[in-house]
Novice: 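Got a structure for you, written out below as structure tokens; questions coming shortly.
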Amino acid sequence: MQQTSTVDSPAAPLASDSRTLGRAFGDVRDAWRQRELWEHLGWQDIKQRYRRSIIGPLWITISMGTTAVALGLLYSQLLGQELGTYLPYITVGFIVWNFILGCVTEGTEVFIANEGLIKHLPAPMTVHVLRMVWRQVLFFLHNLVVYVVVLAVFFPTLTHEYKMDGDIVPHPGISWTVLLAIPGFALLTVNAVWVALLFGIISTRFRDIPPVIHSFIQLVFFMTPIVWPVGVLNKFTNGEASWKVLIAEFNPIYHFLEIVRAPLIGHALSWHHWVVVGAFTVVGWALAILALRNYRSRVSYWV
């Protein structure tokens, strides 16, 4: 009888699970569980930056205070604003803007700057993002000292109803609603994480992105109501709706800014800011998780 030999067919390759939503969510979840790691690294970043300095991180507060007071005194005269209400407005605006600016600009290079750790430290990719955002949160807390000082100086002006020049609706003044700044800043921080994740991955692959964003962010600053109040647009248009008023409303940074600034200085609360920020949060995190699912394994090769 003729003996036939059988050749085993090659085994089908195992399907890779590196590009799954489970891995993407797992990366974020594991990074959150390693809080001690990124909190320690973020604090060490600040200590290293101000090493051998006499007053250390207080330089952050001094720099912010000098900028806010100088520009507040100047633009209050140029725009015809009352100093007692305008200086707190511009101070809080700069504090929140610096947080946003730091998260966006450093977020684009978050993986590039951590090349050594990514290649030698077996940790989730999101750890590096949380480290950067935590560092910016610490900067923000240092800058809040300036807000406390300004609030103490102009407290009598801000505790009753007031109207900035050009505003149509009067502002109620500081009350218990100041506590809304806490969830507002928490929501701002949550958005900072997805921004750094998404743009960090894109910038690692395309190195032209960081310079473009650094240039574009300067334009965004002048188009955002930080130095100038929104009421100025109403003043120039005699209170009539026009495309000039929509400059602020179509600027997403304005809405992120207002959910923190408005409660801190007793401005009239407009809930549509929260709706816009909530929509950006959902859409932004969806895009970040999608990018993390598809490209997290490639970041270590791109850096």
Side-chain angles (χ1 to χ4, degrees), residues 55 57-105 136-167 170-189 192 217-218 220-233 248 251 253-270 273:
I55 61 177
L58 284 179
W59 280 116
I60 305 171
T61 306
I62 294 174
S63 176
M64 173 56 64
T66 303
T67 302
V69 172
L71 293 181
L73 293 173
L74 173 63
Y75 281 96
S76 64
Q77 299 300 315
L78 293 178
L79 299 177
Q81 299 290 327
E82 182 66 31
L83 185 63
T85 55
Y86 179 73
L87 189 56
Y89 175 89
I90 194 174
T91 299
V92 179
F94 266 112
I95 292 173
V96 181
W97 168 256
N98 270 14
F99 176 79
I100 297 173
L101 177 66
C103 291
V104 172
T105 55
Q136 295 301 323
V137 169
L138 294 176
F139 287 151
F140 178 84
L141 295 177
H142 278 90
N143 288 331
L144 275 185
V145 175
V146 182
Y147 163 72
V148 173
V149 173
V150 171
L151 180 63
V153 173
F154 298 104
F155 189 75
T157 307
L158 299 174
T159 50
H160 58 79
E161 186 177 279
Y162 66 91
K163 180 185 288 188
M164 299 182 70
D165 190 20
D167 285 341
H171 305 298
I174 293 180
S175 63
W176 65 268
T177 55
V178 71
L179 297 177
L180 290 176
I182 298 176
F185 181 71
L187 192 57
L188 181 62
T189 305
I217 203 72
Q218 300 299 324
V220 173
F221 170 79
F222 291 107
M223 295 184 63
T224 305
I226 300 172
V227 175
W228 50 273
V230 178
V232 171
L233 299 178
N251 183 352
I253 303 297
Y254 168 58
H255 302 285
F256 284 97
L257 187 70
E258 277 298 290
I259 63 173
V260 181
R261 179 173 61 185
L264 289 177
I265 59 177
H267 266 208
L269 296 176
S270 181
H273 297 306

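Just so you know, residue 1 is the first one in the sequence shown, and it goes up from there. Excluded from the calculations below are hydrogen atoms, water molecules and symmetry mates; all remaining heavy atoms, backbone and side chain alike, are included.
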Novice: How long is the straight-line distance from OH of Tyr86 back to CG of Leu71, given to the nearest 0.5 Å?
Specialist: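 Here the interatomic distance stands at 7.5 Å.
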Novice: Of the non-hydrogen atoms in Ala268 and Pro170, which two are nearest, and what is the gap between them?
Specialist: CB-O, 4.1 Å
Novice: Working to the nearest 0.5 Å, report the span between CZ of Phe99 and CG of Leu138.
Specialist: 10.0 Å
Novice: Just how far is it from atom CZ of Arg261 to atom CZ of Phe185, taken to the nearest 0.5 Å?
Specialist: 15.5 Å
Novice: Going through the distances and angles, do Ile253 and Phe221 end up as a side chain to side chain contact (heavy atoms under 4.5 Å, CB included)?
Specialist: CA-CA 9 Å; Ile253 303 297; Phe221 170 79; over 6 Å; no
Novice: Is any side-chain heavy atom of Val96 closer than 4.5 Å to a side-chain heavy atom of Leu188?
Specialist: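 With C-beta onward as the side chain, the pair touches.
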Novice: Going by heavy atoms in the side chains, are Trp97 and Ile90 under 4.5 Å from each other?
Specialist: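 A side-chain contact under 4.5 Å is absent here.
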Novice: Are any of the side-chain heavy atoms of Leu144 and Leu141 separated by less than 4.5 Å?
Specialist: yes
Novice: If you round to the nearest 0.5 Å, how far is CD1 of Ile95 from CG of Leu264?
Specialist: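 Rounded to the nearest 0.5 Å, the CG-CD1 separation comes out at 8.0 Å.
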Novice: Rounded to the nearest 0.5 Å, what separation is found between the CG atom of Asn143 and the CZ atom of Phe94?
Specialist: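 It is 11.5 Å, given to the nearest 0.5 Å.
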Novice: List the atom of Leu73, the atom of Ser76, and the distance in Å for their closest heavy-atom pair.
Specialist: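 The answer is O-OG, 3.0 Å.
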Novice: For a quick test of reading the model, state the closest non-hydrogen atom pair linking Ala262 to Leu269 and the distance between them.
Specialist: CB-CD2, 4.0 Å
Novice: Using every non-hydrogen atom in the two residues, find where Gln136 and Gly102 come nearest and quote the distance to one decimal.
Specialist: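 Heavy-atom minimum between the residues: OE1-CA, 3.6 Å.
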Novice: Grab the two heavy atoms, one from Ile265 and one from Pro88, that are nearest each other, plus how far apart they are.
Specialist: CG2-O, 3.7 Å
Novice: Drop me the distance from Thr157's OG1 to Leu151's CG, to the nearest 0.5 angstrom.
Specialist: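 If I round to the nearest 0.5 Å, the distance is 10.5 Å.
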Novice: Give me the atom names and distance for the closest heavy-atom approach of Ala68 to Leu87.
Specialist: O-CD1, 3.4 Å
Novice: Counting C-beta onward and ignoring hydrogens, is there a side-chain heavy-atom pair between Gln81 and Pro229 closer than 4.5 Å?
Specialist: yes
Novice: As a quick check of understanding, evaluate side chain to side chain contact (heavy atoms under 4.5 Å, CB included) for Tyr254 and His273, giving each step before the final call.
Specialist: CA-CA 8 Å; Tyr254 168 58; His273 297 306; 3.4 Å; yes
Novice: Could you check whether any side-chain heavy atom of His142 comes within less than 4.5 Å of a side-chain heavy atom of Met64, counting everything from C-beta outward?
Specialist: no
Novice: Given the rule in the side chain to side chain contact (heavy atoms under 4.5 Å, CB included) test, do Leu78 and Trp228 qualify, once you have shown the distances and angles that lead to the verdict?
Specialist: CA-CA 10 Å; Leu78 293 178; Trp228 50 273; over 6 Å; no
Novice: Once you measure the plane-to-plane angle for Tyr162 and His171, does it fall in the parallel (<30°), tilted (30-60°) or perpendicular (>60°) bin?
Specialist: tilted
Novice: Do Phe140 and Asn98 pass the side chain to side chain contact (heavy atoms under 4.5 Å, CB included) test, and can you show the C-alpha distance, the side-chain angles, and the key distance before you say yes or no?
Specialist: CA-CA 8 Å; Phe140 178 84; Asn98 270 14; over 6 Å; no
